Amino acid sequence: MQAWRVHRNGEPGEVLRLDEVDRPTPGEGELLLKVLAAGINFPDALLCRGQYQIRPPLPFTPGVEICGATEDGRRVIATPALPHGGLAEYVVADESAVLPAPDALDDAESAALHIGYQTGWFGLHRRARLQPGETLLVHAAAGGVGSAAVQLGKAAGATVIGVAGGRNKARVARELGCDHVLDRRTDDIVAAVKDLTGGRGADVVYDPVGGDAYAKSAKCVAFEGRILVIGFASGTIPAPALNHALVKNYSIVGLHWGLYNQKDPAAVLRCHQELTDLAAKGVVKPLISERVPMADAASAVQRVADGTTTGRLVVIPGPAAGEGTR
């Protein structure tokens, strides 16, 4: 079979190579899955660079979430077992963690429903306890992670302020359902958030960016607000001033979704059922900006690494990258 593999760490476009390899062999408690669609996530870029918290032995195949088909034809969502990641024609996955793909979504949408939306749901509901009527500020609102938070925030009854970079991404954020959209390139984010909230600030901040985005968030978070630390797409990990959190009375809340698979897998199953129900109602629908053929996967991972994409890029190993199935 074909699989993209990293033979040395570096930029995805430089170190990913399409190889002919043997199909992985499932062990006890694992399933062999034919990959129907593989979502590209920022962690895939970090894996290529050797900067992720998990460093699989070289060579390895990135790709942390897929929609696949079991040998009996069931469509499922899975997180493949590294070093045999999802940018391949076949993967193995832990049978106990395999989830049914929603009937309402095609293969690409199903693949993109998993990590980003699970992260959004656990972040907003379990960690930040977002309440109806509160104001949610979402950084990188037009990106794969941010777009999920926007939809889930609206579903929870929040007023959503989206921050995006440039006119095109601002338009996408508006189409996703943001009540207000700010352009980080031209708008004064702190002043605008305070103005939109009558001086109160944002009750919950969803931050997958870090760096300057976090610094601005701390200046416009509300009394008893919660800043959700999701990731550091900017490449800069903030060093928060804890005295500032004390004086302004807000919380800094971390989220590592992968730990729920270990610590509370039943909660992951409940979350998936809720997401499936929301998808069936049309309340959430992953924004797939591009279905990428297998041959172009390396360049797609590089574009995600560079932060130039909107929504989600999904690799389709089959011959018709422009089509999805149900």
Side-chain angles (χ1 to χ4, degrees), residues 1-4 12 16 18 33-45 61-70 73-80 85-91 93 97-121 140 142-152 169 172 175-177 271-272 275-305 308-326:
M1 70 168 192
Q2 288 189 318
W4 284 94
L16 277 166
L18 190 57
L33 303 175
K34 178 179 174 60
V35 178
L36 303 176
I40 297 177
N41 292 268
F42 191 68
D44 294 320
T61 298
V64 295
E65 64 179 350
I66 67 152
C67 175
T70 62
R74 290 180 294 122
R75 283 197 324 134
V76 297
I77 294 172
T79 52
L87 296 184
E89 293 181 293
Y90 289 86
V91 298
V98 167
L99 303 168
D103 291 335
L105 303 179
D106 68 20
D107 296 338
E109 293 163 342
S110 294
L113 182 75
H114 193 38
I115 294 176
Y117 280 82
Q118 287 260 347
T119 298
W121 193 92
V145 174
S147 62
V150 169
Q151 292 181 356
L152 290 169
K169 291 189 176 185
V172 171
E175 291 172 351
L176 282 165
C271 175
H272 180 66
L275 294 174
T276 299
D277 293 343
L278 291 173
K281 296 173 184 175
V283 176
V284 303
K285 186 179 179 68
L287 173 62
I288 308 300
S289 58
E290 193 174 341
R291 290 166 168 82
V292 181
M294 185 72 157
D296 297 337
S299 62
V301 178
Q302 186 63 58
R303 283 186 284 146
V304 170
T308 60
T309 59
T310 58
R312 296 294 302 277
L313 303 188
V314 179
V315 174
I316 309 294
E323 301 177 359
T325 62
R326 282 184 171 83

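Since the structure is predicted, the reported quantities are computational estimates derived from the model, not experimental observations.
- Residues passing the side-chain contact (heavy atoms from CB on, under 4.5 Å) test with Ala149 are Val138, Tyr206, sequence neighbours excluded.
- In terms of the side chain to side chain donor-acceptor pair (under 3.5 Å) criterion, residue partners of Glu65 (sequence neighbours excluded) are, by chain and number, Asn41, Arg312.
- In terms of the side chain to side chain donor-acceptor pair (under 3.5 Å) criterion, Gln2 has no residue partners (sequence neighbours excluded).
- Of all heavy-atom pairs between Pro286 and Ala112, the closest is CB-CB, 3.8 Å.
- Among residues two or more places apart in sequence or in another chain, the side-chain contact (heavy atoms from CB on, under 4.5 Å) test is passed with Asp296 by Val292, Pro293, Ser299.
- Side-chain contact between Asp44 and Leu87: absent, with no pair of heavy atoms (C-beta onward) separated by less than 4.5 Å.
- Closest heavy-atom contact between Ala142 and Leu287: O-CD2, 4.4 Å.
- The line from OG1 of Thr309 to CD1 of Ile40 is 8.5 Å long, rounded to the nearest 0.5 Å.
- Side chain of Arg74 to main chain of Ala101: no donor-acceptor pair is present (N/O by atom type, distance under 3.5 Å, no hydrogens or angles).
- Residues meeting the ring pair (Phe, Tyr, Trp, His ring centres under 6.0 Å) test with Trp4, sequence neighbours left out: none.
- Taking Ala97 as the reference, Asp94 meet the side-chain contact (heavy atoms from CB on, under 4.5 Å) condition, with sequence neighbours excluded.
- Minimum interatomic distance between Lys169 and Thr310 (heavy atoms only, all atoms of both residues): CG-CG2, 3.5 Å.
- In this structure, CZ on Arg75 lies 14.5 Å from NZ on Lys34, to the nearest 0.5 angstrom.
- Here Ile115 contributes atom CD1 and Ile77 contributes atom CD1; the two are 10.5 Å apart, rounded to the nearest 0.5 Å.
- For Glu290, the side chain to side chain donor-acceptor pair (under 3.5 Å) partners at least two apart in sequence or on another chain are Arg303.
- With sequence neighbours left out, Glu175 forms a salt bridge (Lys or Arg N to Asp or Glu O under 4.0 Å) with Arg171.
- Under the side chain to side chain donor-acceptor pair (under 3.5 Å) criterion, Thr70 pairs with Asp72, sequence neighbours left out.
- Checked against side-chain contact (heavy atoms from CB on, under 4.5 Å), Pro80 has the following partners two or more places apart in sequence or in another chain: Ile66, Val91.
- The structure places CG of Asp107 at 4.5 Å from SG of Cys67, a figure rounded to the nearest 0.5 Å.
- Atom CD of residue Gln151 and atom CG of residue Leu275 lie 10.5 Å apart, to the nearest 0.5 angstrom.
- Atom NE2 of residue His272 and atom CD of residue Gln118 lie 8.0 Å apart, to the nearest 0.5 angstrom.
- Here the closest heavy-atom approach between residue Ala88 and residue Ala3 is recorded as CB-CB, 3.6 Å.
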